[in-house]
> 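My structure is below; once you've seen it, I'll send some questions.
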There are 2 protein chains.
Amino acid sequence: MGKTERGRRRHKGVGRVTLGDVAKHAGVAPITVSRVMNNPDQVSEKLRKRVEQAVDALGYVPNLIAGGLASAGTRVIPVIVPSLSILTYIDVIHGIQQTLEDTGYQLLLGSTDFDLDREAALIDTVLGYSPSGIIIAGLRHRERAIQRLEACQRPVVEIMEYGASCIDSNVGVDNAEVGRCMARHLVERGYRRIAYVGSRMDRDYRTIQRYEGHREMLELAGIDGSRLLQNDEAASYKTGGRLFMEAMASYPDLDAIHFTNDNLAAGAILEANRRGIRVPDDIAVAGYLGLPLSECLTPALTTVSVPRFEMGVQAAKFLLARLDGEQGEALRCDIGFELIVRDST
Amino acid sequence: MGKTERGRRRHKGVGRVTLGDVAKHAGVAPITVSRVMNNPDQVSEKLRKRVEQAVDALGYVPNLIAGGLASAGTRVIPVIVPSLSILTYIDVIHGIQQTLEDTGYQLLLGSTDFDLDREAALIDTVLGYSPSGIIIAGLRHRERAIQRLEACQRPVVEIMEYGASCIDSNVGVDNAEVGRCMARHLVERGYRRIAYVGSRMDRDYRTIQRYEGHREMLELAGIDGSRLLQNDEAASYKTGGRLFMEAMASYPDLDAIHFTNDNLAAGAILEANRRGIRVPDDIAVAGYLGLPLSECLTPALTTVSVPRFEMGVQAAKFLLARLDGEQGEALRCDIGFELIVRDST
DNA sequence: CTGTTAGCGCGTTCAA
DNA sequence: TTGAACGCGCTAACAG
């Protein structure tokens, strides 16, 4: 009943089989078990077999936390996005997850609700998990957040938007160019009285970037680019339908509406279906994203398609490259987009 | 240049500010800093102020890994679902995330691709992170997985399906009852030649449960319940449209189709729109889930709506209750569903 | 190829 | 209310 006995009771680390237990069972040193788990080729076949048997017999599962503490890095990849209710981010996360799936890295999910202060706080939190790297949406962050990300000496991939300056690596699209592209298409199609429709534009600055591209292109063509409509609801089909009607009421002479995403645009077409409004004869409708629904509508929706899943895959690949020891220049990738012209314009 | 100096260089725990650094800066013992971070009321206001200043000055961020190791529990909640490309799971995850958001718990995301062996392996992995608890889809798991979950002594919430026996807590719906409910509606509406259409039914047994409920109810009414169509593609709108046409070709006398989810059913209606097939006059269409799209279609889709987001919220609440020390009986909740009759039937 | 030693950064326990 | 000592479980470094 000496000190040792009391020491034993100090922590609640009961129940679980530890590396030490396995070592005892196999008659080797703990480090040998560690090697069998992490660097099997450093151990002779004989001992390896013995250890593996012990592992199976005891049902040993490594404590990744302890390993992470000792080696200053857990195999965790935080992914920080603005929202989990927006399909775009989900697709990207899916791409990341699928690429990382069999590499032993786990995704730690965080969402900021488009709030940069919240984002900064979340970054602090997740860095507390000694992650192997981090993937984060956007190129704009609070100064403090950027400092922390740079200081942590871990690969950082910024996704969604593509731009000149990133912390470490960057995969995304050029939103202004997207806006210009669709606006150009509308002008070329002969539309002249065009409105841009968004929702929550105050929160999601990438929508503003697209709008600015749109406006710029229209004004280049001598067309009024300032017709804008938005509100504060989430970008649902219903909201799209409502904004569609509002836009037509606000600007009765409209011949085309450029929606900031396919959710809204699809909502508009569905609303038009319900009301017997003819698209594009009465009014043309264009979207952005290339959601699966866009091609199933009647009329099918003209849209700019972005490879969201692939963006996630590429982000994960950049991360893995860095984790594999690839140094040097920023890894950057403009994932691009594609104008898909369909019947709605 | 003695032992200490070499010791310092042993690990790469460089750069980061530690609790010890803060303690030195504030002129207190490390444990006092720890208390300020975790149990502020145990520290006098004077010292607390001093420590807080030091924290700010140095930009200290706690190392959650070290804390987790010392206290045998990181504030991580793994969420294990079959797929990240299925909206249902996304909505549930969103509910979980929103509920856990401000509690300091982080979601660790894992997906199994409907493979129970993969699930078991994933469970082993995530338990290695000493999670505070775990949320997992389904009531069916490998025996080994169940043992591990029971052995880990942590709250476990099984979600999506509601059933008699769970490991610890359970929130979900009764899939067979859903199938019965919609089948009853179709029969009451006067439909008699009804097919059930699913996709990937071999993988997702919950779809089979709904089908069996459907079949049971039809046969109770003396109607052939064995008309079934499925394929191996994901449940997209396009697949729905294709299966719709296939079903009508396979069973030319059909007067109603019961789709296993709204994605397929919506795809069917969109396909009908394109082809000028009249729903429900030529054929009725019913779905399951209550996706936002369902009410925006023409005709609007009859569906059984499930509160997916709320299911996630409830799962998180059960978890928090357990983490708050609530013991005893299994926490169980049949989240229910609602038949929403619209124009498509 | 295998083992010894030390410590990652923190929280628990016990003592003051 | 504050502090000292110890160890959570594992791995890095070094020695054999």
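Quick note on labels: first sequence line is chain A, next is B, and so on, each numbered from 1.
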> Which residue, Ala66(B) or Val43(B), contacts DNA chain D at a nucleotide closer to its 5' end, judged by nearest heavy atom?
Val43(B)

> Output the single nucleotide from dC10(C), dG3(C), dG9(D) whose closest atom is nearest the side chain of Leu69(B).
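Nearest listed nucleotide: dG9(D).
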
> Report yes if a side-chain nitrogen or oxygen of Ser44(B) is closer than 4.0 Å to either non-bridging phosphate oxygen (OP1 or OP2) of dT2(D); otherwise report no.
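So the side chain of Ser44(B) is within the cut-off, an N or O lying under 4.0 Å from OP1 or OP2 of dT2(D).
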
> Should Tyr60(A) be listed as having a side-chain N or O under 4.0 Å from OP1 or OP2 of dG9(D)?
no

> Table please: side-chain donor-acceptor pairs of residues 309-318 of chain B below 3.5 Å, with sequence neighbours left out.
none

> Could I get the full list of side-chain hydrogen bond (donor to acceptor under 3.5 Å, both in side chains) partners for Ser85(B), not counting sequence neighbours?
Ser83(B)

> Under 4.0 Å, heavy atoms only, any strand: does Ala29(B) hit a base, just the sugar-phosphate, or nothing?
sugar-phosphate

> Closest to the Leu19(A) side chain: dT11(D), dG11(C), dG3(D)?
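That would be dT11(D).
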
> Within this structure, what is the CD-to-P distance between Gln42(A) and dG3(C), rounded to whole angstrom?
13 Å

> Rounded to whole Å, please give me the gap between CD1 in Ile65(A) and C1' in dT11(D).
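Distance check: Ile65(A) CD1 to dT11(D) C1' gives 15 Å.
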
> Output the rounded distance in Å from CG (Leu64(A)) to C1' (dT11(D)).
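Taking atom C1' of dT11(D) as the reference, CG of Leu64(A) is at 13 Å.
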
> Could you tell me whether a side-chain N or O of Arg154(B) sits under 3.5 Å from a main-chain N or O of Leu323(B), the two making a donor and an acceptor?
no

> For Arg50(A), enumerate each residue passing the side-chain hydrogen bond (donor to acceptor under 3.5 Å, both in side chains) test, keeping only those at least two apart in sequence or located in another chain.
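Listed in chain order: nothing, the list is empty.
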
> Output all residues satisfying salt bridge (Lys or Arg N to Asp or Glu O under 4.0 Å) with Asp41(B), sequence neighbours left out; order by chain, then residue number.
none

> When all nucleic acid strands are considered with a 4.0 Å heavy-atom cut-off, which category describes Leu47(A): base, sugar-phosphate, or nothing?
sugar-phosphate

> Whole angstroms only, please: what is the CG-P distance between Asn63(A) and dC8(C)?
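The answer, rounded to whole Å, is 18 Å.
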
> Which distance, rounded to the nearest 0.5 Å, do you find between the CG of Leu84(A) and the CD of Gln98(B)?
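Here the rounded value is 9.0 Å.
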
> For Arg50(B) and dT1(D), give me the distance from atom CZ to atom P, rounded to whole Å.
16 Å

> Short of 4.0 Å, heavy atom to strand atom, which residues of residues 31-41 of chain B count as contacting DNA chain D?
Ile31(B), Thr32(B), Arg35(B)

> Return all side-chain donor-acceptor pairs below 3.5 angstrom for residues 100-122 of chain A, not counting sequence neighbours, or 'none' if the list is empty.
| from | atom 1 | to | atom 2 | distance (Å) |
| --- | --- | --- | --- | --- |
| Glu101(A) | OE1 | Arg118(B) | NH2 | 3.2 |
| Glu101(A) | OE2 | Gln97(A) | NE2 | 2.9 |
| Asp102(A) | OD1 | Arg118(B) | NH2 | 2.9 |
| Thr103(A) | OG1 | Leu100(A) | O | 2.5 |
| Ser111(A) | OG | Gln97(B) | NE2 | 3.0 |
| Thr112(A) | OG1 | Phe114(A) | N | 3.2 |
| Asp115(A) | OD1 | Asp117(A) | N | 2.8 |
| Asp115(A) | OD1 | Arg118(A) | N | 3.1 |
| Asp117(A) | OD1 | Arg142(A) | NE | 2.7 |
| Arg118(A) | NH2 | Glu101(B) | OE1 | 3.1 |
| Arg118(A) | NH2 | Asp102(B) | OD1 | 3.0 |
| Glu119(A) | OE1 | His141(A) | ND1 | 2.7 |
| Glu119(A) | OE2 | His141(A) | ND1 | 3.4 |

> Separation of Lys24(A) atom NZ from dG9(D) atom C1', in whole Å?
13 Å

> Using atom OH of Tyr129(A) as one end and atom C1' of dG9(C) as the other, report the distance to the nearest whole Å.
15 Å

